Amino acid sequence: MKKYVFTFLIISALMLTLLPVYNLIHWDKSLTEYFKTKQYYKLDSITAPVSKILSSYGISLFPDQVIVGHDGWLFLGDQEANTVSNRRQGATKNDTENAKKIANSMQEWNDFFRENGVKKFKILIGPDKESIYGEYLPQWAHSAEYRQVSAVLDADKEGIFIDPTKFLTEQKSNYKEPLYYKTDTHWNTIAGWLAFSYFMENVFSDGAYHSTSIGKYTGWKNKAGGDLSRFLRTENLTTDHFQYVDVLSKENIDIEKYDFETNSLISKSANEPIDAPNRPIRIFSSNARQNARVLWLRDSFGTAMSPFMAASFTNIVQLHYFGSNPIWLYNAIKTYKPDYVFVTSVERSIINDFFLSPPPIHALKATTGDSGINGDYDRVHDIQNKDGDYKIIGGDPFVIFNFDPKLITQKNSLYLNVSCKKSENDLMVQIFWSSDEGSFSEENSVSMILPQNGAVFNMSKIANWTKAENIKKVRFDIQPESIENCRNFNIKEIKLTHE
């Protein structure tokens, strides 16, 4: 025991002696700054070589971030969304329940998209690296057979999700180069091309897209290590391969990139890969195969696919889906009016708030309400009323209408015909109801998006509405985010109907 203690003390003394010298030799600034910033015992300079040596023996210096696999393959650790633990334990009961919620939410979005002219809504899953190259994982890190994504695919009865895992696994043997970077979490350009082609073949049935018709693998070159080697601090000591895949097109594909919200030009360039944008951008490529509008919500797995997307569609709005929300997506559909809505997401992120979130509650455009009971004007708050023309003068504007409960036999739907003078955009509103003379509460209310110039909302989905008896008053509130564009408005009709 004394021998081990003595050895430890000797090694520690050597490190304390040699580390300041080593750091000084590798210090490229002034000696004064070296001592001022206390560089002498910092470990940064030796972390990379130590990490590199350890990884060659299958040991990760940062195991929460990176798992060291066989033959130089690196895999993501548990720090990112409990990736390893989730894969090892497989889909839990909670995952299965969330998968059903995701399937329902995506089906609701699919219905909404169809209502607004979208022809196709599909989601491409980017398989985790472990799903394609699991043979390089350490034995203890192997995945369960039934995973989170398996539960999602089983719950998706409409075929909205497209999973290329089996296809890519079969394609591995057709290429000398791997389909994923060995030192990075992402697939490379070969897999991006193949996955895009597989996606298009599943989206379209006319045979216009084939895996060999839009791209061609032409070779590779050495590159610095990827994000996983960066997590190990060995990116400058590690090399990987970058694969070249040419985009095949009858015409040269050049792209113009615009800010989606301001419509200002960002850049003009050749058809290069585009990183997942945190702000929505619009890509124009006039020589693309199909003259169509695409709304593409994506993550970093879309980067390798982006040149093929630009070569396929003339007008594409791109945004990282973490930068969107249901309200933004609703408005984007209304204003951009895409032909197709596509989503690309890596497998490990398939259960998250984006996929769990259904469309915002919204009324459906309608020219007129069915026969029903009209509401009578009662009073306003923070609004001036001049012969039915309303002007907002405060921060809490609302209008109250009276209904005769004796006349109400059916109250399944609420029809509203509201128009703003300044803007035709849909409104964020809140509807309250009361069975007495005017006490309103949040629990007896519903917030919704209301199209102008006539819309009907199915109130039968609202539990407290269906339970209410003898509704006497309905209050119409314009939410703060819609006030500026609707300071002057009128309400042509408010009616309880049965639809």
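Computed from a predicted structure; not experimentally measured.
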Task: Side-chain donor or acceptor of N82 paired with backbone N/O of S85 under 3.5 Å - done: no
Task: Audit row: R289, I214, side-chain contact (heavy atoms from CB on, under 4.5 Å) steps and yes/no - done: CA-CA 10 Å; R289 288 186 172 195; I214 195 170; 3.9 Å; yes
- [ ] Report yes or no: is the cationic atom of K166 (NZ for Lys, CZ for Arg) under 6.0 Å from the centre of the six-membered ring of Y198, at an angle within 45° of the ring normal?
- [x] no
TODO: Assess whether atom NZ of K334 is packed by more than 12 heavy atoms of other residues, nucleotides or ligands within 6.0 Å.
DONE: yes
TODO: Would you please say whether a donor-acceptor pair under 3.5 Å links the side chains of R87 and S131?
DONE: yes
- [ ] Using atom types as modelled and distance alone, determine if a side-chain donor or acceptor of D240 lies under 3.5 Å from a backbone N or O of T183.
- [x] yes
Task: Closest approach of L168 to A191 (non-hydrogen atoms, all atoms of both residues) - done: CD2-O, 4.3 Å
- [ ] Could you go through the side-chain hydrogen bond (donor to acceptor under 3.5 Å, both in side chains) check for N291 and T314 one step at a time?
- [x] CA-CA 5 Å; N291 183 18; T314 56; 3.1 Å; yes
Open item on the list: In this structure, is the centre-to-centre distance between the rings of F403 and F401 below 6.0 Å?
Closed with: no
Task: P127 and W187, any side-chain heavy atoms less than 4.5 Å apart - done: yes
Task: Expected output: side-chain S413 to main-chain V456 donor-acceptor under 3.5 Å - done: no
TODO: Decide if atom CD of E97 counts as having more than 12 heavy atoms of other residues, nucleotides or ligands within a radius under 6.0 Å.
DONE: yes
Task: Quiz item: cation-pi between K129 and F75, 6.0 Å / 45° - done: yes
Open item on the list: Quick one: does any side-chain atom of Q452 pair with a main-chain N or O of N425 as donor and acceptor, under 3.5 Å?
Closed with: yes
Task: Steps toward side-chain hydrogen bond (donor to acceptor under 3.5 Å, both in side chains) verdict (N315, Y336) - done: CA-CA 10 Å; N315 192 330; Y336 179 54; 2.9 Å; yes
Open item on the list: Using the rule side-chain contact (heavy atoms from CB on, under 4.5 Å), only one of D396, V399, V429, I400 pairs with D477; which is it?
Closed with: D396
TODO: Please report the shortest heavy-atom distance between A155 and A99, naming the atom on each side.
DONE: CB-O, 3.6 Å
Task: Any donor-acceptor pair under 3.5 Å from T189 side chain to Q243 backbone - done: yes
- [ ] Could you tell me whether F342 and F199 have their ring centroids closer than 6.0 angstrom?
- [x] yes
Task: Interatomic distance, L319 atom CG to I281 atom CD1 [nearest 0.5 angstrom] - done: 9.0 Å
Task: Passing option when P280 is tested against E261, Q318, H320 for side-chain contact (heavy atoms from CB on, under 4.5 Å) - done: E261
Open item on the list: Any non-hydrogen side-chain atom of D299 less than 4.5 Å from a side-chain atom of T344?
Closed with: yes
Open item on the list: If I take atom CG from residue N287 and atom CG from residue D254, how far apart are they, to the nearest 0.5 angstrom?
Closed with: 7.5 Å
Open item on the list: I'd like to know whether N104 forms a side-chain hydrogen bond (donor to acceptor under 3.5 Å, both in side chains) with E108, so could you lay out the CA-CA distance, the side-chain angles of the two residues, the decisive distance to 0.1 Å, and finally the verdict.
Closed with: CA-CA 6 Å; N104 289 335; E108 289 184 37; over 6 Å; no
- [ ] Might you point out which heavy atoms bring I483 and G395 nearest each other, and give the distance in Å?
- [x] CD1-O, 4.0 Å
TODO: Check whether more than 12 heavy atoms from other residues, nucleotides or ligands sit under 6.0 Å from atom NZ of K223, and answer yes or no.
DONE: yes
Open item on the list: Is it the case that the side chains of T165 and D163 hold a donor-acceptor pair, with the cut-off being a distance below 3.5 Å and no angle test?
Closed with: yes
Task: Side-chain heavy-atom pair N325, S357 within 4.5 angstrom cut-off - done: no
Open item on the list: Checking the side chain of N110 only, and the main-chain atoms of M106 only, is there a donor and an acceptor separated by less than 3.5 Å?
Closed with: no
Task: Close side-chain approach of R282 and R293, heavy atoms under 4.5 Å - done: yes
TODO: Step through it carefully: locate the ring centre of Y340, locate the ring centre of F204, and say whether they are under 6.0 Å apart.
DONE: yes
Open item on the list: Tell me the closest heavy-atom pair linking S419 and N453, and the distance in Å.
Closed with: CB-OD1, 3.2 Å
Open item on the list: side-chain contact (heavy atoms from CB on, under 4.5 Å) for N464 and W433? Distances and angles first, verdict last.
Closed with: CA-CA 10 Å; N464 281 0; W433 57 90; 4.0 Å; yes
Open item on the list: Can you confirm whether more than 12 heavy atoms, excluding those of K391, are under 6.0 Å from its NZ atom?
Closed with: no
Open item on the list: Other residues, nucleotides and ligands only: do more than 12 of their heavy atoms fall within 6.0 Å of CG on N278?
Closed with: no
TODO: Measure from the side-chain N and O atoms of N490 to the backbone N and O of G388, and report whether any donor-acceptor pair falls under 3.5 Å.
DONE: no
Task: W193-F196 aromatic ring centre distance below 6.0 Å - done: no
TODO: Could you tell me whether the side chain of L76 reaches within less than 4.5 Å of the side chain of F231, counting heavy atoms only?
DONE: yes
Open item on the list: By the definition ring-ring contact (aromatic ring centres under 6.0 Å, His included), identify the one residue from F113, W109, F161, F112 that meets it with F121.
Closed with: F113
Task: Mutual orientation of the aromatic rings belonging to F476 and F489 [parallel < 30°, tilted 30-60°, perpendicular > 60°] - done: tilted
Open item on the list: Measuring only between side-chain heavy atoms, which start at C-beta, is L153 closer than 4.5 Å to I125?
Closed with: yes
TODO: Run the ring-centre check on Y321 versus F355 and record whether the distance is less than 6.0 Å.
DONE: yes
TODO: Can you see which heavy atom on G215 is nearest to which on F308, and at what distance?
DONE: CA-CE2, 4.2 Å
TODO: Indicate yes or no for a side-chain donor-acceptor contact from D95 to the backbone of T92 under 3.5 Å, with no hydrogens or angles considered.
DONE: yes
TODO: May I ask you to test the I255-S285 pair for a side-chain heavy-atom distance under 4.5 Å?
DONE: yes
Open item on the list: With rounding to the nearest 0.5 angstrom, report the CG to NZ distance, D156 to K100.
Closed with: 14.0 Å
Open item on the list: Strictly distance-based, threshold 3.5 Å: is any side-chain N or O of D128 a donor or acceptor partner for the main-chain N or O of E130?
Closed with: no
TODO: Mind checking the CD-CD1 spacing from E481 to I327? Nearest 0.5 Å is all I need.
DONE: 7.5 Å
Open item on the list: Would you say that N86 contacts I351 through its side chain, given a criterion of any heavy-atom pair below 4.5 Å between the two side chains?
Closed with: no
TODO: Determine the interplanar angle of the H186 and F301 rings, folded into 0 to 90°, and report it as parallel if under 30°, tilted if 30 to 60°, perpendicular if over 60°.
DONE: tilted
Open item on the list: Looking at every non-hydrogen atom in both residues, tell me the closest pair between V149 and I350 and how far apart they are.
Closed with: CA-CG2, 4.3 Å
Task: Distance (rounded to the nearest 0.5 Å) between F398 CZ and Q430 CD - done: 11.0 Å
Task: Separation of M459 CE from I431 CD1 (nearest 0.5 Å) - done: 7.0 Å
Task: Test side-chain contact (heavy atoms from CB on, under 4.5 Å) applied to T303 and R298, step by step - done: CA-CA 9 Å; T303 301; R298 45 160 295 201; 3.0 Å; yes
Open item on the list: I'd like to know if the side chain of N271 reaches the main chain of P307, judged simply by a donor and an acceptor atom lying under 3.5 Å from each other, with no hydrogens or angles considered.
Closed with: yes
